[in-house]
Asks: 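One structure is given below, represented as structure tokens, and several questions about it will come after.
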2 protein chains.
Amino acid sequence: MNKTSRITLSDVALAADVSPITVSRALRDPSKVSPLARDRIDRAIRELGYVPNPAARALASGRTDIVGVIIPSVSNNVFADVMRGIDEGLQGSPLIVQLGTTRYSPLTEEQLIRVFLSQRPAGLIVAGHDQSPAARALLAGAECPVVQIMEVGPDPIDLAVGLSHFDGARAAAEHLLAQGYRAPAFLGAQMDPRSQRRLAGFRACLEAAGLGGDDPVVTTPEPSSVSLGCRLFADLMARLPQTDAVLCNNDDLALGVLFEARRRNIAVPSRLGICGFNDHEMMSAAEPPITSVATDRRAMGAQAIRLIRARLAGQDAPRGHAVDLGFQLIPRASTRRNRSSANRPT
Amino acid sequence: MNKTSRITLSDVALAADVSPITVSRALRDPSKVSPLARDRIDRAIRELGYVPNPAARALASGRTDIVGVIIPSVSNNVFADVMRGIDEGLQGSPLIVQLGTTRYSPLTEEQLIRVFLSQRPAGLIVAGHDQSPAARALLAGAECPVVQIMEVGPDPIDLAVGLSHFDGARAAAEHLLAQGYRAPAFLGAQMDPRSQRRLAGFRACLEAAGLGGDDPVVTTPEPSSVSLGCRLFADLMARLPQTDAVLCNNDDLALGVLFEARRRNIAVPSRLGICGFNDHEMMSAAEPPITSVATDRRAMGAQAIRLIRARLAGQDAPRGHAVDLGFQLIPRASTRRNRSSANRPT
DNA sequence: CTGAAAGCGCTTACAG
DNA sequence: CTGAAAGCGCTTACAG
């Protein structure tokens, strides 16, 4: 094709009057080259506008600077936050993100893993612990560090960083009971594995409190949204009008519940308690501010990259190493039922 | 290193009893290979578990299946939506997304363009029209299709798909005036070029209406958030208490204004009109529902990919081809001041 | 500290 | 429809 121009390493070598090998070395580890040669090479690179060909490098070395990231969806602010953390973690490294979305399909995930692995990535980040057996096998056989993010669970493939969604939801449910709510319900959308575990945590709390009878749960496989929160809450009220508190699978739903409650003149928090999950920034800004379970999505992404970089730098990060980032219940006015509300921090 | 295993094209050729070239051909264009050879090759590929090496392919052909996407930020739901559209547009193609974020820095953008271009991508998508001259030069010299997204403007580098933010904001301001608001203000965060143009559209409307004196504008370079909407609105009310409507740079701010107005017992829409920008899903769910300027971010991403795929398929898409996706003002209760509100579509 | 040789795994023309 | 030859632009050992 366009065989015009395109400066190669040999061109640089010629201009700097050294061998190509020396240029290659200067590029990869300048300390291995004499200062004099280094200077000449640097100048030649600058003058010629040389840019290395990553494909050639990858073919020769079997390595790349690519970090593959495989997540269910990008239009979910939770993953957007994770991506942000990944991006921040990448600062100062030559690593580049290759992004793939599974749309919550294990089969798509498997295919993506195959494609991404064929690129010989420097590292791979995948969401969750529920890969198909074939996907797990692929990842287990990968020559690069693999980080499972979002949750910690038994038997990580390699590295893992996340939190226990079961514990988070259980803590939230316990909070509702502690506030005096007696008929809490669970609202869930996009019931992915993590949502399922949140639901399980909710149920565990209710059972422990002897409230396990009704199973006051409304869920849908639909993707989450604020509008969906409105609708799910309407469904819930039609089915279980005695509900006095709602634990939402995520903050979007919680916001929808708040709006719908307002539309129906249901007083929050006195008649209805609302709790979200993740503690999106808007939870503290809402009126009333909404209680939520804070998770640090950015830290998750950043930490995943940190683990990969450490492994690449030859540092020790044994297989099976899992980092539990935990969660924090942030009580706010939306669940402040029987207490003095004189002082109201947001 | 690990020279063990790793099946190559030659291995497949050997097993299928054809030459490597024929295998290569079968992979790229099966119709050019006899059905018999094709069968044998397919079987060999399956049995050996052969996966092509993209680096080798890239080096030999000078092409890759990579689409570079360069956006300011991922933790901004506008770009998350665009990414979603890109992702959808990619369906059924072998293209893979490589993602880079500029953090709104032209210098970082330039570096990213350089790095991404060195990969010989199949296409490049960049946000906005305000690249540095050096970045523009790089893009103009690119051998792949380049799509500028988010807005349409004069002198696109190659392809473009977006809308006029100036027009969108002006239409919103006109709507506020038409509703009888007489002292509209503008609230803006993260004042990137598109926000600047929205502000300009707002000002143009006010001037045309003879209301250009005060310049009722509160902006900040801080990234946008709902909480920030609360704070900016507080600033605004302190400075210009006569304000009776707010045009927000985006929906996050608008939601923050709604919450803050509620906290202050400022009636919406009678005492205060609120209008957002982008029409995020939550605008229709809010109570009251919030007027906004709808933009189709997903379509933007999908269309960008469509243009790239068309160009790659050899179809005609002349340089300078710009697609204006337009916008649509969605009037809702938050600006329904003097009208009968008997029927209230959301 | 530096270099000559070989090779990474494909594809590109060019023949036949 | 099929193949032999050359080469894409680097890096990897191995010497010196």
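Every chain is numbered from 1 and lettered A, B, ... according to where its sequence line falls, protein lines coming before strand lines.
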Asks: Distance check needed: D:dT11 P versus A:R120 CZ, whole Å only.
Replies: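 So the two atoms are 17 Å apart, to the nearest Å.
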
Asks: Quickly work out the A:R6 CZ to D:dC10 C1' distance and round it to whole Å.
Replies: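 One finds 15 Å between C1' of D:dC10 and CZ of A:R6, rounded.
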
Asks: Looking only at side-chain atoms of B:T22, point me to the closest of D:dT2, C:dT2, C:dA13.
Replies: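 Of the options given, the side chain of B:T22 lies nearest D:dT2.
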
Asks: When the distance from CG of A:D11 to C1' of D:dC8 is rounded to whole Å, what number comes out?
Replies: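 These atoms are roughly 13 Å apart.
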
Asks: Is the shortest side-chain N/O distance from B:S24 to OP1 or OP2 of C:dT11 below 4.0 Å?
Replies: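 The answer is yes; a side-chain N or O of B:S24 sits under 4.0 Å from OP1 or OP2.
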
Asks: Starting at the 5' end of DNA chain C and moving along, which residue's nearest nucleotide shows up first, B:A56 or B:R28?
Replies: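 The 5'-side residue here is B:A56.
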
Asks: Tell me the interatomic distance from A:R25, atom CZ, to C:dA4, atom C1', rounded to whole angstroms.
Replies: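 After rounding, the reported distance stands at 12 Å.
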
Asks: What nucleotide among C:dT2, D:dT2, D:dT12 has an atom nearest to a side-chain atom of B:V33?
Replies: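 The listed nucleotide nearest to B:V33's side chain is D:dT2.
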
Asks: Tell me which nucleotide, if any, is Watson-Crick or G-U wobble paired with C:dA13 when both distances must be under 3.5 Å.
Replies: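 Pair assignment: C:dA13 / none.
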
Asks: Shortest non-hydrogen contact from B:D11 to B:R6?
Replies: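 Looks like OD2-O, 4.0 Å.
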
Asks: What's the verdict on side-chain contact (heavy atoms from CB on, under 4.5 Å) for B:D296 and B:M300, showing C-alpha distance, side-chain angles and the deciding distance?
Replies: CA-CA 6 Å; B:D296 200 338; B:M300 241 180 267; over 6 Å; no

Asks: Let me know, please, whether B:V18 or B:L59 comes out on the 5' side of the other along DNA chain D by nearest nucleotide.
Replies: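 That would be B:V18.
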
Asks: Is A:T8 close enough to D:dG9 that one of its side-chain N or O atoms is under 4.0 Å from OP1 or OP2 there?
Replies: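 The answer is no; no side-chain N or O of A:T8 sits under 4.0 Å from OP1 or OP2.
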
Asks: Given that both distances must come in under 3.5 Å, which nucleotide forms a Watson-Crick or G-U wobble pair with C:dA4?
Replies: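 Matched C:dA4 with nothing under the 3.5 Å cut-off.
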
Asks: Tell me what A:A58 touches on the nucleic acid: a base, only sugar-phosphate, or nothing, going by heavy atoms under 4.0 Å.
Replies: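 If one applies the 4.0 Å heavy-atom cut-off, A:A58 turns out to touch nothing in the nucleic acid.
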
Asks: A:N53 has an atom CG; how far is it from atom C1' of D:dC8, in whole Å?
Replies: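 Between C1' of D:dC8 and CG of A:N53: 8 Å.
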
Asks: What is the separation between atom CZ on A:R63 and atom C1' on D:dG9, rounded to the nearest whole Å?
Replies: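 Taking atom C1' of D:dG9 as the reference, CZ of A:R63 is at 17 Å.
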
Asks: Judged by atom type as modelled, is there a donor-acceptor pair below 3.5 Å linking the side chain of A:R120 to the main-chain atoms of A:A58?
Replies: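 Here the side-chain-to-backbone pair does not exist.
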
Asks: Quick one: B:L9 CG to C:dG7 C1', roughly how many Å, whole number?
Replies: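 Taking atom C1' of C:dG7 as the reference, CG of B:L9 is at 16 Å.
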
Asks: Which heavy atom of A:L99 sits nearest a heavy atom of B:M83, and at what distance?
Replies: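 Shortest heavy-atom separation between A:L99 and B:M83 comes out as CD2-CE, 3.7 Å.
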
Asks: Return the nearest nucleotide to the side chain of A:R57; candidates are D:dC10, C:dT2, D:dG9.
Replies: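 Nearest listed nucleotide: D:dC10.
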
Asks: With a 3.5 Å distance limit and no angle check, can you tell me whether B:H129 reaches the backbone of B:E151 through a side-chain donor-acceptor pair?
Replies: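 A pair under 3.5 Å: yes.
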
Asks: For A:S75, is there any backbone N or O sitting under 3.5 Å from a side-chain donor or acceptor partner on A:S73?
Replies: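 At least one qualifying donor-acceptor pair exists.
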
Asks: OP1 or OP2 of D:dT2 versus the side-chain N and O atoms of B:S19: is any pair under 4.0 Å?
Replies: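 No, because none of the side-chain N or O atoms of B:S19 sits under 4.0 Å from OP1 or OP2 of D:dT2.
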
Asks: From C-beta outward on B:A60, which listed nucleotide comes closest to its side chain: D:dT2, C:dT11, C:dT2?
Replies: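 It is C:dT11.
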
Asks: Using a heavy-atom cut-off of 4.0 Å across all strands, would you classify B:A55 as base, sugar-phosphate, or nothing?
Replies: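 B:A55: no heavy atom of the nucleic acid under 4.0 Å.
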
Asks: What integer distance in Å separates A:I21:CD1 from D:dC14:C1'?
Replies: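 From A:I21 CD1 to D:dC14 C1': 10 Å.
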
